[in-house]
Amino acid sequence: MFFFQPLFGENLNIQSSSISVDKKSKLTIFKDKVIATDAKNNEFKSEYAEYDKDLKLLISKGETTILTSEGFFLTGKNIIFDNKNNLIKSDASAVITDLEENNIYLDKFEYSTSNKFFTSAGNIKIVDSRNNSYNFTQIYIDEVKREIIGTDIKAFLNQENFKINSKNKPRIFANTVSIKNELSKFNKSVFTLCDYRKDNKCPPWSLQASEMIHNKKKKTIYYDNAV
């Protein structure tokens, strides 16, 4: 195992089984069991990565994992570790598993190592530990507060013990949602238990409210200003 530490106080330690330098591109090439750790203790693992000393970029090719200093685990590929701007990012799909055992599926992502939060836009899906699923177009994940904020939310409450009978399809559509611990708080939302209808027609019964709170543990929905 080789150990490589860039100069100029870059605070990025890189280890791998094989290290070489491409004289033409001036990139340092790391192969086999590549492990990089920054000053904040975020850990990057891959089988192949290139380091650009001038830009202070470590770029992986292929499958890569990130373990953040807060314990969030990400699997993805072609990830850029931007040590100069304190960012980890990728335009490839990735999956984050947080400390509440939510699996968060992203088209792409950006992670601020200084502020400890993820952001993403596109087709985003969360599946929680109770098999409830949430679809978003944008998401913000605060690791320190352990809070997820999303927009254009479609939530499908799939846990069986929430349903009155097996034919129910409980779901909430809302402008925004905040998910923290056992509570999901929806703003400008519509809730229904009805089955799906052809051509996405409106359900025969629904409840609209300025705010709804879903308590996953108590299997209860609370609401304000309902119509």
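Note: hydrogens, waters and symmetry copies are ignored here, and every other heavy atom, side chains too, is used.
- When all heavy atoms of Ile79 and Ser90 are compared, the closest pair comes out as CG1-CB, 3.9 Å.
- Judged by distance alone, the side chains of Thr68 and Glu143 do bring a donor and an acceptor atom under 3.5 Å apart.
- Between the side chain of Asn103 and the backbone N or O of Thr97, no donor-acceptor pair lies under 3.5 Å.
- For Leu12 against Ala36, the heavy-atom pair with the smallest separation is CD1-CB, 4.3 Å.
- Both the sub-6.0 Å distance and the 45° axial angle are satisfied by Lys154 relative to the ring of Phe173.
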Report the C-alpha distance between Ser120 and Gln138 in whole Å, list the side-chain angles of each, state the deciding distance to 0.1 Å, and finish with yes or no for side-chain hydrogen bond (donor to acceptor under 3.5 Å, both in side chains).
CA-CA 6 Å; Ser120 182; Gln138 290 184 310; over 6 Å; no
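- Judged purely by atom type and a 3.5 angstrom limit, Ser17 has no side-chain atom pairing as donor or acceptor with the backbone of Lys33.
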Show your working on side-chain contact (heavy atoms from CB on, under 4.5 Å) between Ile149 and Val177 and close with a plain yes or no.
CA-CA 6 Å; Ile149 297 173; Val177 65; over 6 Å; no
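- Considering only heavy atoms from C-beta on, Lys125 comes within 4.5 Å of Ser133 through its side chain.
- The 12-atom threshold is exceeded at CG of Asn175, counting heavy atoms of other residues, nucleotides or ligands nearer than 6.0 Å.
- Each of Asn102, Ile153, Val127 was compared with Tyr134 under the side-chain contact (heavy atoms from CB on, under 4.5 Å) criterion, and only Ile153 meets it.
- A salt bridge links Lys61 with Glu50: the closest approach of a Lys/Arg side-chain nitrogen to an acidic carboxylate oxygen falls below 4.0 angstrom.
- Taking the ring centroids of Phe117 and Tyr140, they lie under the 6.0 Å cut-off.
- Put simply, the side chain of Ser46 never gets that close to the backbone of Ala49: no donor and acceptor are under 3.5 Å apart.
- In terms of modelled atom types and a separation under 3.5 Å, the side chain of Asp38 and the main chain of Asn42 share a donor-acceptor contact.
- Ion pair Arg130/Glu101 not flagged as a salt bridge, since none of the NZ, NE, NH1 or NH2 atoms sits closer than 4.0 Å to an Asp/Glu carboxylate oxygen.
- Between Ile126 and Tyr105, every side-chain heavy-atom pair lies at or beyond the 4.5 Å cut-off.
- Atom NZ in Lys45 sits 5.0 Å away from atom CD1 in Ile35 (nearest 0.5 Å).
- To the nearest 0.5 Å, atoms NZ (Lys108) and NZ (Lys89) are separated by 11.5 Å.
- Residues Ile88 and Phe44 are members of one and the same hydrophobic cluster, defined by side-chain heavy-atom contacts under 4.5 angstrom among Ile, Leu, Val, Met, Phe, Trp and Tyr.
- Under 3.5 Å, the side chains of Asp152 and Thr137 contain a donor-acceptor pair of N or O atoms.
- Scanning both residues, Asn41 and Thr37, for their nearest heavy atoms gives OD1-CG2, 3.7 Å.
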Any chance you could lay out the side-chain contact (heavy atoms from CB on, under 4.5 Å) test for Phe186 and Thr176, step after step, and finish with the verdict?
CA-CA 6 Å; Phe186 301 87; Thr176 62; over 6 Å; no
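- Between Lys31 and Glu47 there is no salt bridge, since none of the side-chain N atoms of the basic residue sits less than 4.0 Å from a carboxylate O of the acidic one.
- Applying the 6.0 Å contact sphere to NZ of Lys40 captures more than 12 heavy atoms from other residues, nucleotides or ligands.
- Under the 4.0 Å criterion applied to side-chain N and carboxylate O atoms, Lys116 and Glu70 are assigned as salt-bridge partners.
- Taken together through direct or relayed side-chain contacts under 4.5 Å among Ile, Leu, Val, Met, Phe, Trp and Tyr, Val21 and Phe30 form parts of separate hydrophobic clusters.
- At a threshold of 4.5 Å between side-chain heavy atoms, the hydrophobic network of Ile, Leu, Val, Met, Phe, Trp and Tyr places Phe118 and Ile124 in one connected group.
- In plain terms, the two heavy atoms of Asn123 and Asp107 that are nearest each other are N-OD2, 2.8 Å.
- The closest donor-acceptor contact from the side chain of Asp128 to the backbone of Asn132 lies under 3.5 Å.
- The shortest distance between side-chain heavy atoms of Leu57 and Asn83 does not fall below 4.5 Å.
- Under the 4.5 Å side-chain heavy-atom criterion for Ile, Leu, Val, Met, Phe, Trp and Tyr, Phe72 and Leu106 are members of the same hydrophobic cluster.
- Remark: Phe81 CZ to Lys56 NZ distance equals 13.5 Å, nearest 0.5 Å.
- Residue Leu99 comes nearest to Gly71 through the heavy atom pair CD2-O, 3.5 Å, listed as atom of the first residue, atom of the second, then distance.
- Note that CD of Glu63 and OG1 of Thr75 are 7.5 Å apart. Values are rounded to the nearest 0.5 Å.
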Using side-chain contact (heavy atoms from CB on, under 4.5 Å), reason through Phe109 and Ile139 one step at a time and then give a plain yes or no.
CA-CA 10 Å; Phe109 76 91; Ile139 197 171; over 6 Å; no
For Val95 and Ile104: C-alpha separation, side-chain torsions, deciding distance, then whether side-chain contact (heavy atoms from CB on, under 4.5 Å) applies.
CA-CA 5 Å; Val95 181; Ile104 307 165; 6.0 Å; no
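- Taken from OH in Tyr48 to CD1 in Ile59, the straight-line distance is 10.0 Å, to the nearest 0.5 Å.
- Here the side chain of Asn85 pairs no donor or acceptor atom with the backbone of Leu87 at under 3.5 angstrom.
- The one candidate from Asp32, Thr28, Ile29, Ile14 that meets the side-chain contact (heavy atoms from CB on, under 4.5 Å) condition with Ile19 is Thr28.
- In this structure the side chain of Tyr111 never reaches within 4.5 angstrom of the side chain of Ile66, judged on heavy atoms.
- Residues Ser18 and Ser16 have side chains that never bring a donor and an acceptor to within less than 3.5 angstrom of each other.
- Contact of the Arg146 side chain with the Lys180 side chain is not registered, since no non-hydrogen atoms from C-beta on lie closer than 4.5 Å.
- Closest approach of Ser189 to Ile172, counting heavy atoms only: CB-CG2, 3.9 Å.
- With rounding to the nearest 0.5 angstrom, the CD1 atom of Ile213 is 6.5 Å from the CG atom of Leu183.
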